[in-house]
There are 2 protein chains.
Amino acid sequence: MASVNAVGSKSPARSAAQLRIIGAALALFPEHGVSGTSLQMIADHLGVTKAAVYHQFNTKDEIVLAVAEAELARLEAVVAGAEAASTQARARLLVVSGIVDLAVDSRRTTTTILSDPVIVGFFADHHTFFDVMSRLRRLLMGDDVGADARVRTAMLLAAISGAVMHPFVVDLDDDTLRTELLRLARRFLG
Amino acid sequence: MASVNAVGSKSPARSAAQLRIIGAALALFPEHGVSGTSLQMIADHLGVTKAAVYHQFNTKDEIVLAVAEAELARLEAVVAGAEAASTQARARLLVVSGIVDLAVDSRRTTTTILSDPVIVGFFADHHTFFDVMSRLRRLLMGDDVGADARVRTAMLLAAISGAVMHPFVVDLDDDTLRTELLRLARRFLG
DNA sequence: GTCTATAGTGCGATAGAC
DNA sequence: GTCTATCGCACTATAGAC
């Protein structure tokens, strides 16, 4: 779970100033949505002016893309780690527990951002996104392309990502949530 | 599944013109997000001007609220139907299959709208939302308030809502998706 | 790398004619 | 109920001083 600079990752190296902006956007996007977050909000969050933000990124779209790729990179690291496993069963367990960790770690953040219409639009023709998704699909489903496997896998991923921000679990602490999620996810996998 | 004017529902009666605006917003919000959808887009979608839209709703917020309440009303109808069941097991099955129907019927629409930060903010102090949620919780969990039951229920609801718009199932037809979803959801319930 | 200042655009919302 | 026209404002983005 340490920070990994995965081989297949193409995210350009980010300066410290750029990372601060990405962090601010990461905090504001889930609360207001991507479209509802202005550069003024990001600048205010960092205690600087809009012009200082524009010195790091030429457009708002570049910031959105950087945030999306940063989140995608976290998922890619989990997938890459699982691909290195010795058996398929062990790989499946690694990817599920990695995604549980990711989801619990960010709770509201990750899922909200990745499901924002603007981000979805950015990923619609993003080759790295398709690459990670097909590797994830291969890890979880193997060569089974039947309706059963696809619905089952989609439900599993949606259940993990969506449950962490559900009102029913807001007052559970991270450890309890992580343990229950992993246990139920493994049971669902069968 | 017919249109139901549920007893507990407080949504004000809507004129035909208002319903057309709600329909346009319902189509545009998932694609651009609530903040990313302007009144100009809604007006263009209907072939009228902004002023005509403002004649039906005084503010954009009123339109957003109307859309949110319309979606909530669909869920409330499912909950009310299940509450009328003779046994608890039958009620649970009714609520799960009702939510599956809802999710498949709208695919991208409902979940995207209900998870939009602006809508979430509107529901944050919306008494009807809390009422429907607690009734849903009672139907699915009974008096069990343990971490296991809460995580399990949150996963079930998130799995159904989230799976319908997952890339893995985009090319499945509605009937197949509905059948598989219901079967797997019942299996997960145990 | 940060600032002030500003250009240009689209937004939500209103007034008043038909 | 829809229109044209407009107001005031916040937005993205840029120019140029420090």
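Here is how names work: the chains are called A, B, and so on, in the same order as the sequence lines, proteins then strands, and each is numbered from 1.
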*Between B/Gly47 and B/Lys50, just flag the one whose closest nucleotide in DNA chain D comes earlier from the 5' side.*
B/Gly47
Of all the nucleotides listed ([options]), which has the minimum atom distance to the side chain of [X]?
| X | options | answer |
| --- | --- | --- |
| B/Val48 | D/dT2, D/dT12, C/dA13 | D/dT2 |
| B/Thr49 | D/dC3, D/dT2, D/dA15 | D/dC3 |
| B/Ala52 | C/dG12, D/dC3, D/dG1 | D/dC3 |
| A/His55 | D/dT2, C/dG1, C/dG12 | C/dG1 |
| B/Gln56 | C/dA15, D/dG1, D/dA15 | D/dG1 |
| A/Tyr54 | D/dT12, D/dA15, D/dT2 | D/dT12 |
| A/Gln40 | C/dA15, C/dG1, D/dC11 | D/dC11 |
| A/Lys60 | C/dA13, D/dA13, D/dC3 | D/dA13 |

Can you check the [X] [atom1] to [N] [atom2] distance for me, whole Å?
| X | N | atom1 | atom2 | result |
| --- | --- | --- | --- | --- |
| A/Ile63 | D/dT12 | CD1 | C1' | 11 Å |
| B/Leu46 | D/dG1 | CG | C1' | 13 Å |
| B/Phe57 | C/dT14 | CZ | C1' | 18 Å |
| B/Asp44 | C/dG12 | CG | P | 12 Å |
| A/Arg20 | C/dG1 | CZ | P | 11 Å |
| B/Asn58 | C/dT14 | CG | C1' | 11 Å |
| A/Glu62 | D/dT14 | CD | P | 10 Å |
| A/His32 | D/dC11 | NE2 | C1' | 15 Å |

*Give, for atom NZ of A/Lys60 and atom CD1 of A/Ile63, the distance between the pair rounded to the nearest 0.5 Å.*
8.5 Å
*What about B/His127 and B/Phe130, are their ring centers closer than 6.0 Å?*
no
*No-hydrogen, no-angle side-chain donor-acceptor test under 3.5 Å, A/Thr128 and A/Asp131*: no
*Base, sugar-phosphate, or nothing: which does B/Ser38 touch, judged by heavy atoms less than 4.0 Å apart?*
sugar-phosphate
_Residue B/Arg183 excluded, over 12 heavy atoms near CZ under 6.0 Å_ = yes
*Hey, can you tell me if A/Phe188 and B/Phe188 have their rings parallel, tilted or perpendicular (30° and 60° cut-offs)?*
perpendicular
